[in-house]
Protein chains: 2
Amino acid sequence: MPDQETARERVLEAAGELFYARGVQAVGMDAVRGGSGVSLKRLYQLFPSKEALVLAYLRQRDARWRRALAEHVDTRAAPEEKIVAVFDWLHRWFSEPGFRGCAFVNSFGELGATSAEVAEEARHHKQAFHDYLTGLVTASGRPAALADQLALLAEGAITTAAISGTPEPADRARDAARLLMDATARTV
Amino acid sequence: MPDQETARERVLEAAGELFYARGVQAVGMDAVRGGSGVSLKRLYQLFPSKEALVLAYLRQRDARWRRALAEHVDTRAAPEEKIVAVFDWLHRWFSEPGFRGCAFVNSFGELGATSAEVAEEARHHKQAFHDYLTGLVTASGRPAALADQLALLAEGAITTAAISGTPEPADRARDAARLLMDATARTV
DNA sequence: GCGGGTCGAGAACGACCGTTCTCGCAGTGC
DNA sequence: GCACTGCGAGAACGGTCGTTCTCGACCCGC
């Protein structure tokens with residue numbers, strides 16, 4: 001508790017788990033206090049409002065999510081394998097206990113209409129993922145338009161896995177991705 | 001107001017617009033009263049709780065959404081054209097003012113963790129859409145596995161259009177769907 | 001040992017929400 | 001005319017939430 005930085009980390013850790021598991025509005029600041037062990041007073045010194053905490057939560061989640069994805073993709077060397085690895089990583093993510101879809105999609109649905117900043121954070125996260133895919137696609141010598149299609153497959157897999165409760169959509173998306181890669185390779 | 005049935009319709013109409021536009025938790029029963037012109041007392045006679053109203057809202061939206069989609073698809077005769085028409089209809093939907101993504105995905109993100117019935121309603125809606133696509137795909141003489149892939153494209157397009165604020169994802173999904181249809185036609 | 005500052009625990013505050021209750025009014029059968 | 005029933009408007013109730021305040025304990029330099 002004494003260290004300012006570890007208190008901040010504990011708060012973000014607890015808030016991240018609670019917000020993701022139950023939804024932002026269903027989690028009160030008291031629950032964050034209980035989960036982090038950081039008093040309300042310190043909590044409001046670290047984050048001036050719940051909205052600020054929510055934005056910090058989203059930014060942390062964006063950074064972690066993209067880093068985890070990139071680390072897994074980097075275990076493959078060939079450009080085509082890197083693309084396929086994206087969908088393998090999705091499968092692993094979907095299989096994690098407590099998986100409940102994309103935190104940004106959930107937050108957007110919950111708060112996007114009332115908080116322009118939350119909506120902007122969701123846009124930023126999705127744009128970053130799209131840009132990342134574009135890099136992989138162009139590295140494989142294919143046109144960037146393929147990245148649009150792969151992004152839609154990944155996005156659809158995330159939502160479908162969340163609602164259906166199974167990781168299988170990642171496999172179906174990977175099948176479709178392979179077909180699209182083959183089709184695009186031929187047409188170039 | 002005198003007729004019980006029209007009061008119910010007004011409530012569902014107002015609740016539908018408010019819940020979809022702002023999210024369920026952001027809309028109080030007072031706002032539904034104001035939007036519908038139906039008194040709080042009658043409102044609670046028609047729906048015993050807010051949760052019941054939310055479920056009725058989702059069920060109405062599911063029926064309307066699927067009917068509107070089927071009506072548009074039925075304007076085409078050829079099986080392949082029907083499949084493509086799904087994505088054209090998505091484009092029209094995304095272009096509507098106030099479009100804010102899939103009501104079921106939004107509600108699932110908001111309430112799915114706390115309300116098993118809301119989660120079930122979302123599953124049912126997505127399953128019905130998937131079954132509908134499977135019917136179109138098999139009618140075109142293609143394997144049902146193609147429907148899985150098309151469903152992911154559509155799902156991804158809905159979410160991406162909502163967050164990005166443009167209807168273009170429908171076009172990209174349609175491009176990918178055409179490629180997958182061609183690829184699948186060849187492999188069968 | 002002691003004043004000053006810092007902190008945590010929890011009360012307090014104001015707002016809002018879902019739900020129920022009160023009350024006055026209007027219409028109906030007789 | 002009159003008791004009765006049903007209705008709408010809005011107050012009321014109990015609970016929760018975000019945020020701030022109080023208060024007592026602890027820790028530091030001196």
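Every chain is numbered from 1 and lettered A, B, ... according to where its sequence line falls, protein lines coming before strand lines. None of these values were measured; they are calculated from a predicted model.
At whole-Å resolution of the value, CZ in A/Arg33 and C1' in D/dT20 are 13 Å apart. Spacing between atom CG of A/Leu43 and atom P of D/dT20 amounts to 12 Å, rounded to whole angstrom units.
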Q: Begin from the C-alpha positions of B/Asp88 and B/Arg92 and carry the test salt bridge (Lys or Arg N to Asp or Glu O under 4.0 Å) through to its verdict.
A: CA-CA 6 Å; B/Asp88 293 337; B/Arg92 286 224 308 228; over 6 Å; no

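With distances taken from any side-chain atom of B/Leu40 to the nucleotides D/dA9, C/dT20, D/dT20, the minimum falls on C/dT20. Comparing D/dT20, D/dC23, D/dC7 by their nearest atom to the side chain of A/Lys41 picks out D/dC23. Side chain of B/Tyr44, nearest nucleotide from C/dG10, D/dT19, C/dT20: C/dT20.
One hydrophobic cluster, built from ILVMFWY side chains closer than 4.5 Å, holds both A/Ile83 and B/Leu152. B/Tyr57 and B/Val27 fall within the same hydrophobic cluster, where Ile, Leu, Val, Met, Phe, Trp and Tyr residues are linked whenever their side-chain heavy atoms come under 4.5 Å apart, directly or through other members.
The stretch residues 21-31 of chain B touches DNA chain C through B/Val27, B/Gly28, B/Met29, each having a heavy atom within less than 4.0 Å of the strand. Taken residue by residue, residues 45-60 of chain B places heavy atoms nearer than 4.0 Å to DNA chain C at B/Ser49, B/Lys50.
By the 6.0 Å contact criterion, NE2 on B/His72 is enclosed, its count of non-hydrogen atoms from other residues, nucleotides or ligands being greater than 12.
The main-chain N or O of B/Val137 is found under 3.5 Å from a side-chain atom of B/Ser140 such that the two form a donor-acceptor pair. Side chain of A/Arg142 to backbone of A/Met181: a donor-acceptor contact under 3.5 angstrom is found.
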Using distance only, find each side-chain donor-acceptor pair of residues 100-114 of chain B under 3.5 Å and give its atom names and separation, not counting sequence neighbours.
residue  : atom : partner  : partner atom : Å
B/Arg100 : NE   : B/Tyr20  : O            : 3.0
B/Arg100 : NE   : B/Ala21  : O            : 3.0
B/Arg100 : NH2  : A/Gly109 : O            : 3.1
B/Asn106 : ND2  : B/Arg100 : O            : 3.0
B/Ser107 : OG   : B/Ala103 : O            : 2.8
B/Glu110 : OE1  : B/Val24  : N            : 3.2
B/Glu110 : OE2  : B/Val24  : N            : 3.2
B/Glu110 : OE2  : B/Gln25  : N            : 2.7
B/Thr114 : OG1  : B/Leu111 : O            : 3.2

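Shortest non-hydrogen contact noted between A/Phe47 and A/Ala56 is CE2-CB, 3.6 Å.
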